[in-house]
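Just follow the structure's listing: the first ligand is 1, and inside any ligand the first atom is 1. We're numbering straight along the sequence, starting at 1.
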Amino acid sequence: MEILILAVVIALVAVGAISGLVVSSRKKKQLPPTAPPSTPTITAPPAEPQVGEDAVETAEEPRRTIEEVGLPEAEAEAPVEEPAAEPEAPAAPEIEVPEPTAGRLVRLRARLARSQNSLGKGLLTLLSREHLDEDTWEEIEETLLIADVGVAPTQELVDRLRERVKVLGTRTPADLRALLKEELLTLVGTDFDRAVKTESGVDTPAVVMVVGVNGTGKTTTTGKLARVLVADGRSVVLGAADTFRAAAADQLQTWGERVGARTVRGPEGGDPASIAYDAVKEGIAEGADVVLIDTAGRLHTKTGLMDELGKVKRVVEKHGPLDEVLLVLDATTGQNGLTQARVFAEVVDITGIVLTKLDGTAKGGIVVAVQRELGVPVKLVGLGEGPDDLAPFEPEAFVDALIGD
Ligand code: GDP
């Protein structure tokens, strides 16, 4: 009996041992071939092999894929990072050399002529009629009014033409062209000083404030003007005081960078006057020739505008005199532009006008009308969206473009 019990015990022990071995060997099989890394990182090439890693990677056991280590799909698809290389410094923007400004209007004349010569050609055709009767004079008047020359200047011109045509007697096309050119030139005015004032007369930079309603091309014009000045050998600092329109400061800075001019800017919605002040300060520190200040043109209320521009003007004048206030007007807006001109003239002392978008309108007569309205000259005209499409205004080239030569 004892022997029997002993045999049973031995048998049980033996079974237990065998099954234990099986379980433990199964467990061993379930173990992953290597210990998984604690956090999955995707770096390549791997860092120095860690102790024991060589045992993990064998030809038979290919490196586990990212899916196997359970990375989210997006990460899994992420390209393998290159080892941290020295970050490359952003390339310094290339500084452009703007084309010279002398004779720019002559070069850009074709743009003006494309849209404008309906005025000049129209007038010449009418004046060439055999019988200049009342109806014809009325048509001449209408042509001038449609081109936005304005009522009073139109009347003056028609009166002068009537008188001179009478005196002329026979009218050859060449005579008529010469006569019309002369009279249009008188109307546009050849006596104005149209140079943008960039000599301050003191040792601080000349300060030019650019005003106008947003959308007229004010910021673009400020940027283009920086190029005009740089092209003429002047050094420029820009003040991005149009803090009202988002992106105006970025836009201006880009213009500045292209010609190596620094832009002083502040936060969006910040105080325009303090930016203007800082810009002049920077201009003085740099020994710049000119500081150009782009302002916000909110026509919310006249008092609001007056407060804003008045404050900018006052703080700038703490450094020295304000040399030029340029009003930017969109030539395509006709009467609306004249209304804007009136409001701005009541708020600040405008010293010059910039007419933009003259390339897109047949209403070049606005040059005459706005000068009459404000009593200040058109100094620059915008003839396109290109960087060098802002030209100093030259009456002769303008009139030639109107009537062709
Ligand atoms: P701001 O709000 O007055 O500062 O206006 P922007 O300077 O941003 O100009 C408004 C738009 O007018 C831009 O698309 C300019 O490229 C365009 N612009 C400005 N001047 C001229 C110009 O002389 N001719 C043409 N065709 N477009 C112009």
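- Looking from atom 19 (C) of ligand 1 to the surrounding protein, the closest heavy atom is Gly217 CA, 3.8 Å.
- Separation of atoms CE (Met209) and CD1 (Ile293) is listed at 7.5 Å; rounding is to 0.5 Å.
- In Val213, the part holding a heavy atom less than 4.0 Å from any atom of ligand 1 is the backbone.
- Ligand 1 places these atoms under 4.0 Å from at least one heavy atom of Gly382: 23 (O).
- Atom CG of Leu161 and atom CG of Leu123 lie 7.5 Å apart (nearest 0.5 Å).
- Every atom of ligand 1 with a heavy atom of Thr220 under 4.0 Å away is listed here by number and element: 6 (P), 7 (O), 8 (O), 9 (O), 15 (C).
- One side chain, Asp175 or Thr172, offers a donor N or O that lies under 3.5 Å from an acceptor on the other.
- Near Asp359, the atoms of ligand 1 lying under 4.0 angstrom from a non-hydrogen atom of the residue are 22 (C), 23 (O), 24 (N), 25 (C), 26 (N).
- Summarising the geometry of Pro395 relative to Gly189, their closest heavy-atom pair is CG-O, 3.5 Å, with the distance given to 0.1 Å.
- Considering Val354, Ile353, Thr222 in turn, Val354 is the only one that fulfils the side chain to side chain contact (heavy atoms under 4.5 Å, CB included) rule with Leu326.
- No N or O atom of Thr221 sits closer than 3.5 Å to an N or O atom of ligand 1.
- The closest non-hydrogen atom to atom 10 (C) of ligand 1, taken over Ala331, Gly384, Gly223, Gly215, comes from Gly215.
- Annotation for Lys313: atom NZ does not count as buried by contact number, only 12 or fewer foreign heavy atoms lying within 6.0 Å.
- For the residues Glu385, Gln251, Lys218, the heavy atom positioned nearest atom 17 (C) of ligand 1 is part of Glu385.
- Side-chain contact check for Thr243 and Arg265: no donor-acceptor pair (N or O, by modelled atom type) lies under 3.5 Å.
- Residue Asp389 places no heavy atom under 4.0 Å from ligand 1.
- If you look at Leu383 next to ligand 1, the close heavy atoms, those under 4.0 Å, all belong to the backbone.
- Taking every non-hydrogen atom of Thr219 and a distance limit under 4.0 Å, the qualifying atoms of ligand 1 come out as 1 (P), 4 (O), 7 (O).
- Looking at Thr216 next to ligand 1, an N or O pair under 3.5 Å apart turns up.
- Residues satisfying the side-chain contact (heavy atoms from CB on, under 4.5 Å) criterion with Pro205, sequence neighbours excluded, are Ile284, Val291.
- Put simply, CZ on Arg262 and CD on Gln253 are 10.5 Å apart, with the number rounded to the nearest 0.5 Å.
- The atoms of ligand 1 that sit less than 4.0 Å from any heavy atom of Asn214 are 2 (O), 3 (O).
- Atom 11 (C) of ligand 1 has its closest protein heavy atom at Lys357 NZ, 4.2 Å.
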